[in-house]
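Everything on this sheet refers to the single structure shown next.
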Amino acid sequence: SPLWESFKFGFRLVRNEGVGTLMKGAPTFAAKRVGDWGTRYAFTNLIELKVKRWTGRSQNQSLPYSQRIVCSSLGGLASAASTIPLDVLVANIQSASA
């Protein structure tokens with residue numbers, strides 16, 4: 001089964017290269033995740049503030065759920081667009097080290 005083959009591959013990898021090999025690329029991956037989520041929250045908050053300003057709400061007032069969903073979606077889109085260069089860099093680093 002594919003699951004068993006994956007386990008066999010993992011055990012062989014650890015036996016040949018050590019446990020540390022399971023964490024190869026972890027710092028790069030973690031940095032990418034921080035960038036992804038950090039920009040997602042930043043863009044979402046920025047868009048929410050703009051929508052509040054456009055609709056005449058104070059910064060302390062909550063937006064309706066429909067507007068929050070739209071802001072979050074736009075924040076995610078902006079985050080993805082801004083972190084694609086990092087994705088490409090990570091892929092190039094990983095393929096160069098393979």
Side-chain angles (χ1 to χ4, degrees):
S1 82
L3 181 62
W4 178 246
E5 291 301 317
S6 294
F7 276 116
K8 284 183 1 184
F9 176 79
F11 290 135
R12 192 173 339 118
L13 188 66
V14 169
R15 184 176 56 240
N16 293 339
E17 298 185 30
V19 175
T21 196
L22 297 176
M23 297 313 243
K24 277 186 188 174
T28 306
F29 182 77
K32 184 185 171 316
R33 291 278 72 88
V34 168
D36 287 347
W37 285 102
T39 57
R40 179 178 300 255
Y41 284 120
F43 282 125
T44 298
N45 287 336
L46 180 67
I47 293 168
E48 282 185 2
L49 287 175
K50 294 286 185 191
V51 169
K52 285 178 182 181
R53 214 172 286 141
W54 291 334
T55 58
R57 295 181 191 277
S58 73
Q59 289 186 3
N60 297 334
Q61 288 179 300
S62 293
L63 293 173
Y65 285 117
S66 59
Q67 290 178 354
R68 289 173 65 190
I69 290 170
V70 170
C71 291
S72 181
S73 298
L74 291 173
L77 180 66
S79 171
S82 68
T83 58
I84 283 176
L86 183 58
D87 292 338
V88 172
L89 179 66
V90 168
N92 287 336
I93 290 171
Q94 289 174 340
S95 66
S97 65

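Every heavy atom of this structure was used, including side-chain atoms; hydrogens, water molecules and symmetry mates were not.
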For C71 and I47, which heavy atoms make the closest approach, and how far apart are they? SG-CG2, 3.7 Å
To the closest 0.5 Å, what do you measure between OG1 (T55) and CG (L63)? 6.0 Å
Mark yes when over 12 heavy atoms from residues, nucleotides or ligands other than Q61 sit less than 6.0 Å from its CD; otherwise mark no. yes
I would like to know whether R33 and D36 meet side-chain contact (heavy atoms from CB on, under 4.5 Å); could you show each step before the answer? CA-CA 5 Å; R33 291 278 72 88; D36 287 347; 2.3 Å; yes
Nearest 0.5 Å please: distance from the OG atom of S1 over to the CZ atom of F7. 9.5 Å
Taking every heavy atom of G35 against every heavy atom of T83, the minimum-distance pair comes out as O-CG2, 4.0 Å
Are V70 and F43 joined in one hydrophobic group, where the rule is that I, L, V, M, F, W and Y side chains link up if heavy atoms are under 4.5 Å apart? no
Would you say W54 and L46 are hydrophobically clustered, going by side-chain heavy atoms of ILVMFWY under 4.5 Å? no
Minimum heavy-atom separation for G76 and R40, please, with both atom names. CA-NH1, 3.6 Å
Would the distance check show the side chain of S79 and the main-chain N or O of G75 forming a donor-acceptor pair, the cut-off being under 3.5 Å? no
Only pairs at least two apart or in different chains count here, so list each salt bridge (charged side-chain N to carboxylate O under 4.0 Å, His left out) that has a residue in residues 60-69. none
Could you label the plane-to-plane angle of the W37 and Y41 rings as parallel, tilted or perpendicular, counting under 30° as parallel and over 60° as perpendicular? tilted
Separation between CD of Q67 and OG of S72, rounded to the nearest 0.5 Å: 13.5 Å
Which value, rounded to the nearest 0.5 Å, describes the distance between N92 atom CG and D87 atom CG? 11.0 Å
For the pair K52 (side chain) and R57 (backbone), establish whether a donor and an acceptor sit closer than 3.5 Å, ignoring hydrogens and angles. no
From I84 atom CD1 to L89 atom CG, the distance as rounded to the nearest 0.5 Å: 13.5 Å
For residues 1-17, which residue pairs qualify under salt bridge (charged side-chain N to carboxylate O under 4.0 Å, His left out), counting only residues two or more places apart or in two chains? E5-K8, E17-K24
